[in-house]
Amino acid sequence: MEVVICSDEQQVGQVAANRVLRWVEGLTTPVLGLATGSSPLALYNELARRVEEGEIDFSCGIGFALDEYVGIDPENPLSYRQTILRTVVEPLRMDPTRVRVPNGSASDLAAAALEYDRAIAAAGGVDVQVLGIGSNGHIGFNEPTSSFASRTRVKTLTEQTRADNARFFGEGERVPTHCVTQGLGTIMEARHVVMVVTGRHKARAVTAMIEGPVAAVCPASILQFHPSVLVVVDEAAATGLNHADYFRHVVDILI
């Protein structure tokens, strides 16, 4: 696991984008794993800038979103399908017909989840998986105690996750209680992983993931076993790291 501490959110996006472009270089059909949330926006915004400047072309790329709420209308602006379209597909000029999101409205959710993993395999697997991290250490919606071998499935959201996500919903709107999420086993099959994290409210989770033991209570800690992971954080998210001074030097190599 490589860890880079950046001075601000803009630098976080630049460092993460540099690595993504290196990983997809030469691929005619890059397959991206797409996370939602606030932290990955720094990366998506920087990639969009480079698409605009002609440095990279994702029009032939394939995308697989990490998760979707159960029971939410796919056309609802708060669905992850719509969020991915707004924040990733349109800015990166991807073909929306080549970007899939788990089906949270399927009559048979278990079958739809199984089919989703099969679709990822049929595409040749994910080349670069983009991740954020929840304040409780989740990746995707793999909440604490999730199995490290888990596949795409239905998962119950913790009260902490629902409270964190309530800001996206209007007053009186109920945050869904369940989701369909790629499993930890699914995520670990990606060839490369880039995690982007900003904000002091994520510092505890970042420390547990990087410096804590590998344990199901911090699902993101499984990434310690992945052979190709880059974690890019800002100073606020790095406040709990014991080895922060070492990690700060790495940024000079990657920019």
Side-chain angles (χ1 to χ4, degrees), residues 1-6 11-35 37 39-40 42-44 46-47 50 55-56 58 61-67 88 92 117 120-134 137-140 142 146 148-152 181-198 202 205-215 218-234 237-238 241 243 246-255:
M1 179 183 289
E2 296 178 75
V3 181
V4 178
I5 301 173
C6 297
Q11 191 180 48
V12 165
Q14 292 170 345
V15 171
N18 286 347
R19 185 58 66 88
V20 170
L21 266 56
R22 184 192 308 177
W23 281 334
V24 302
E25 185 177 5
L27 299 178
T28 56
T29 309
V31 181
L32 304 179
L34 304 172
S39 289
L43 169 58
Y44 295 143
E46 180 63 18
L47 288 175
R50 299 187 187 197
E55 185 176 345
I56 184 68
F58 287 111
I62 296 173
F64 289 94
L66 272 176
D67 38 44
V88 184
L92 269 56
D117 272 347
I120 293 174
V126 171
D127 293 307
V128 180
Q129 175 64 62
V130 177
L131 292 177
I133 188 172
H138 73 229
I139 50 177
N142 294 282
S146 289
F148 284 164
S150 57
R151 311 301 300 180
T152 299
T181 182
Q182 286 188 37
L184 294 173
T186 308
I187 292 169
M188 287 290 286
E189 290 177 351
R191 294 178 183 84
H192 306 283
V193 174
V194 58
M195 176 181 282
V196 181
V197 191
T198 57
K202 298 292 181 71
V206 166
T207 300
M209 171 186 64
I210 296 171
E211 296 181 342
V214 177
C218 179
S221 66
I222 192 177
L223 295 175
Q224 293 182 33
F225 288 136
H226 195 287
S228 181
V229 177
L230 176 68
V231 180
V232 190
V233 302
D234 66 0
L241 291 172
H243 297 89
Y246 168 73
F247 296 138
R248 287 189 185 94
H249 295 302
V250 180
V251 69
D252 295 329
I253 301 172
L254 296 179
I255 291 182

Chemist: Which heavy atom in C6 sits nearest to a heavy atom in V15, and how many Å separate them?
Modeler: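 Taking C6 first and V15 second, the nearest heavy atoms are SG-CG2, 3.8 Å.
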Chemist: Nearest 0.5 Å, please: how far is CE in M188 from CD in Q129?
Modeler: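 Interatomic distance, Q129 CD to M188 CE, rounded to 0.5 Å: 11.5 Å.
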Chemist: Atom CG in L230, atom CZ in R19: separation rounded to 0.5 Å?
Modeler: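 If I round to the nearest 0.5 Å, the distance is 5.0 Å.
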Chemist: Take L131 and L223, measure what side-chain contact (heavy atoms from CB on, under 4.5 Å) needs, and give me the verdict at the end.
Modeler: CA-CA 11 Å; L131 292 177; L223 295 175; 3.9 Å; yes
Chemist: What are the two closest non-hydrogen atoms of V193 and W23, and how far apart are they?
Modeler: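 For V193 and W23, the tightest heavy-atom pair comes out as O-CH2, 3.4 Å.
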Chemist: Can you name the nearest heavy-atom pair linking Y44 to A35, along with the distance?
Modeler: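 Minimum heavy-atom contact is OH-O, 2.7 Å.
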Chemist: Can you list the steps and then say if D67 with Q182 is a side-chain contact (heavy atoms from CB on, under 4.5 Å)?
Modeler: CA-CA 6 Å; D67 38 44; Q182 286 188 37; over 6 Å; no
Chemist: Please name the pair of heavy atoms, one in L47 and one in I56, separated by the smallest distance, quoted to 0.1 Å.
Modeler: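 Taking L47 first and I56 second, the nearest heavy atoms are O-CG2, 4.4 Å.
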Chemist: Would you say the side-chain atoms of D127 pair up with the backbone N or O of V31, donor to acceptor, closer than 3.5 Å?
Modeler: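 At least one qualifying donor-acceptor pair exists.
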Chemist: Using every non-hydrogen atom in the two residues, find where C218 and A205 come nearest and quote the distance to one decimal.
Modeler: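 Scanning both residues, the minimum pair turns out to be SG-O, 4.3 Å.
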Chemist: Measure the OG-CD1 distance between S146 and I222 for me, rounded to the nearest 0.5 Å.
Modeler: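 Those atoms lie 10.0 Å apart.
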Chemist: Could you check whether any side-chain heavy atom of R22 comes within less than 4.5 Å of a side-chain heavy atom of N18, counting everything from C-beta outward?
Modeler: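 Counting from C-beta outward, R22 and N18 never come under 4.5 Å.
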Chemist: Please examine the side chains of V233 and T198, heavy atoms only from C-beta on, and report whether any two atoms are closer than 4.5 Å.
Modeler: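 The answer is no; the side chains never approach within 4.5 Å.
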Chemist: If we only count heavy atoms from C-beta on, is the V232 to V197 side-chain gap below 4.5 Å?
Modeler: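 They are not in contact (no side-chain heavy atoms under 4.5 Å apart), so the answer is no.
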Chemist: Are F247 and V231 packed together at the side-chain level, in the sense that at least one heavy-atom pair is separated by less than 4.5 angstrom?
Modeler: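 SC-SC contact between F247 and V231 ruled out.
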Chemist: Could you report the tightest heavy-atom contact between H226 and R191, atom names first, then the distance?
Modeler: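 Here H226 and R191 meet closest at CE1-O, 3.5 Å.
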Chemist: Please examine the side chains of V130 and L43, heavy atoms only from C-beta on, and report whether any two atoms are closer than 4.5 Å.
Modeler: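 L43 reaches V130 side chain to side chain.
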Chemist: Calculate, to the nearest 0.5 Å, the distance between atoms CD1 and CD1 belonging to I139 and I133 respectively.
Modeler: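 Answer for the CD1-CD1 pair, I139 versus I133, is 7.5 Å.
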Chemist: State, yes or no, whether a side-chain contact exists between R151 and D117 at a heavy-atom distance under 4.5 Å.
Modeler: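 A side-chain contact under 4.5 Å exists here.
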Chemist: What's the spacing between K202 NZ and D234 CG if we round to 0.5 Å?
Modeler: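 Atom-to-atom, K202:NZ and D234:CG are 10.5 Å apart.
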Chemist: Do E211 and H243 pair up side chain to side chain, a donor and an acceptor below 3.5 Å, judged on atom types alone?
Modeler: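 Yes - a donor-acceptor pair under 3.5 Å links their side chains.
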Chemist: Taking the side chain as everything from C-beta on, heavy atoms only, tell me whether V214 gets closer than 4.5 Å to F148.
Modeler: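 A side-chain contact under 4.5 Å exists here.
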Chemist: Would you compute the distance between atom CD1 of I62 and atom CG of L32 and round it to the nearest 0.5 angstrom?
Modeler: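 I62 atom CD1 to L32 atom CG measures 9.5 Å (nearest 0.5 Å).
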Chemist: If we ignore hydrogens and angles and just use 3.5 Å, is the side chain of S150 paired with the main-chain N or O of L184 as donor and acceptor?
Modeler: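 Yes; judged by distance alone, with no hydrogens or angles, the pair exists.
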Chemist: Is any side-chain heavy atom of V229 closer than 4.5 Å to one of M195?
Modeler: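 SC-SC contact between M195 and V229 ruled out.
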